[in-house]
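Every heavy atom of this structure was used, including side-chain atoms; hydrogens, water molecules and symmetry mates were not. Throughout, protein chains are lettered first and strands after them, A, B, ... in sequence-line order, and every chain is numbered starting at 1.
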Number of protein chains: 2
Amino acid sequence: MSPTQGGQSGPSVTERVLGILSAFGPGAESLTLSGIARTAGLPLSTAHRLVGELAAWGALERGEDGRYRIGLRLWEVGALAPRSLGLRERAMPYLEDLYEATRQNVQLAVRDGHEVVYVERLAHPEAVRVFSRVGGRMPLNATGVGQVLLAFAPPAVQEEVLAGPLPALTPRTITDSGDLRRTLAAVRREGVAVCDGMVDLLSLSVAAPVRGEDERVVASLSVVVPSAGAEPRMIVPAVRAAARGISRALGAPSARRRPAGVVTPLPTAPADASP
Amino acid sequence: MSPTQGGQSGPSVTERVLGILSAFGPGAESLTLSGIARTAGLPLSTAHRLVGELAAWGALERGEDGRYRIGLRLWEVGALAPRSLGLRERAMPYLEDLYEATRQNVQLAVRDGHEVVYVERLAHPEAVRVFSRVGGRMPLNATGVGQVLLAFAPPAVQEEVLAGPLPALTPRTITDSGDLRRTLAAVRREGVAVCDGMVDLLSLSVAAPVRGEDERVVASLSVVVPSAGAEPRMIVPAVRAAARGISRALGAPSARRRPAGVVTPLPTAPADASP
DNA sequence: ATCGAGCTTCCGGTGACCGGAAGGAGCCAC
DNA sequence: GTGGCTCCTTCCGGTCACCGGAAGCTCGAT
């Protein structure tokens, strides 16, 4: 299938170039040429040539220290990703409000495969430290946003995750697939996930689903507060309201504005846990 | 110098791949395969192969409509760009405050070559419409952030821009190099740029410089308000204060916190307009 | 039905790419 | 000073991955 898997031939040029980009990551924002070559598994001279072309275009930048970093031009192109830009633009005002109201951490995330990817994050400098970062990944089972995204994911994805290993970040992380299945059902029922001490024993997160125009859950929104003395009851309505606001901004019919006081039932989950 | 400039040979594989990424841009967030091939100047079958590899890696995503978009994975890598992530992370709290105080548009931008690139933007849904967008570019002479970034850029860059054509976005855009030179001197003297109706006749922006640990101006911050009835005197101090806060967060010595009431002079500009 | 636009697959010739090797620059330890 | 390290840069000939024309496919529109 891949143009280069036939027999003993090496990776294609494209794969090598992408491999160079992959060498960068959280904790490896700047690399030397040899570091790139080592990480990407390329001979030094090959890496030199390819990196030179990438830098000429602006995908990489070379600092005064001679180290390479991701270039502004690549960031610019990446910013065109619909799941980043389109979502962010419309969600920001609501994230703002939620941030302003809580002065804690507010996060917006989407699902990519079996992981959560954080798309936006507002953090008060004095709020609880949080492990996530914009552009970072986390397992689906261990985070509030992850549980929401998983609960409303296609059944096939749910089963794959439930069948696979469930990594534990703390002793309180859900790692039993039966427990997780029950939790997901609860999330679908309640429309929120409350995750206490699963990423980090000191923090608690409250997450809610964001729906797109076809009613599918396209993102999840959460607030992270200190676990000690947290009162989720105070936060849940605010998170739900913000998530609904974003869904409306994205055109989700179920989140249409309606006369105050009239309560419409939440749409039923696309599919239940049992496929 | 380039590995492929010798004689009549075509662009290298790397250049072709980057050309494919370049095909995407503001107003072209989603493209068909043939559209990509046309824009990038590649034969269809070549584009097909390369795009396939990019999609397999996650640099591109193929929608249900068969069109290609920038993939989340590329966004993720791009998010590692130091001028985006590092800057944003530290600047956000201050942008927040400024946004909260003005409920208008707040922007953070850096210079790349002879253009401004917007790195972050907070926009109130009911605020003045603004042309800029995250990841977008604008000419240096026509925007508040641009004038600030140009005023504190290396003299060589200033001269290049002053020598080159100065695009006009409105009749009020500065297009005379003498005028621009005087404006830049004023910006250096005042530490702020006030730009009325230069991007768009209805809006006014107030911008201030953000300095890094080596005192160099690394970014610029602005607030955009409706031109009609705007009172810049009210906004200038807030913008200056936020810019100074970010500079401090980035480690700029001149922005160190000091006993209230003691005024330290702003550092002199790295170089005056006349080189 | 007929057309056209867009997509996918196939395959043989060839020239772009590969990477070993040599050499230079900077740094630290001895 | 001098040896040994790491990192970077440049060169060049053989070979194999890449290129792209062509044929066929799937749509939807006329």
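- Each of B/His48 and B/Arg38 lies near DNA chain C, and the nucleotide nearest B/Arg38 is the one positioned closer to the 5' end.
- Residue A/Arg16 places at least one side-chain N or O under 4.0 Å from the OP1 or OP2 atom of C/dC18.
- Side-chain proximity of A/Arg62 to the nucleotides D/dC8, C/dG6, C/dT8 is greatest for D/dC8.
- Taking a cutoff of 4.0 Å between a charged side-chain nitrogen and a carboxylate oxygen, B/Arg83 and B/Asp112 qualify as a salt bridge.
- For the pair A/Leu50 CG and D/dA17 P, the interatomic distance rounds to 16 Å; values are reported in whole Å.
- Atom CD of A/Glu53 and atom P of D/dT10 are 14 Å apart (whole Å).
- Note on B/Arg49: every side-chain N or O is 4.0 Å or more away from OP1 and OP2 of C/dT9.
- A/Ser30 and A/Arg67 share a side-chain donor-acceptor pair at under 3.5 Å.
- Salt bridge A/Arg133/A/Glu29: present, at least one basic N to carboxylate O contact under 4.0 Å.
- Nucleic acid contact class of A/Leu42 (heavy atoms, under 4.0 Å, all strands): none.
- Salt-bridge annotation for A/Glu61 and A/Arg69: absent, with no side-chain N of the basic residue lying under 4.0 Å from a carboxylate O of the acidic one.
- Residue A/Thr46 is classed as a base contact, given a heavy-atom separation below 4.0 Å to a base.
- In this structure, B/Glu64 atom CD and C/dC7 atom C1' are separated by 18 Å, rounded to whole Å.
- The interatomic distance linking A/Leu31 (CG) with D/dC7 (P) rounds to 12 Å, in whole Å.
- Among the heavy atoms of the strands, none lies under 4.0 Å from B/Arg67.
- A donor-acceptor contact under 3.5 angstrom links the side-chain atoms of A/Ser45 to the base of C/dG19.
- Closest heavy-atom contact between A/Leu149 and A/Ala219: CD2-C, 3.6 Å.
- Rounded to a whole Å, the CG atom of B/Leu44 is 9 Å from the P atom of C/dT8.
- Position along DNA chain D of the nearest nucleotide to A/Thr14 versus A/Gly35 favours A/Gly35 as the more 5'-ward residue.
- Rounded to a whole Å, the CG atom of A/Leu33 is 7 Å from the P atom of D/dT9.
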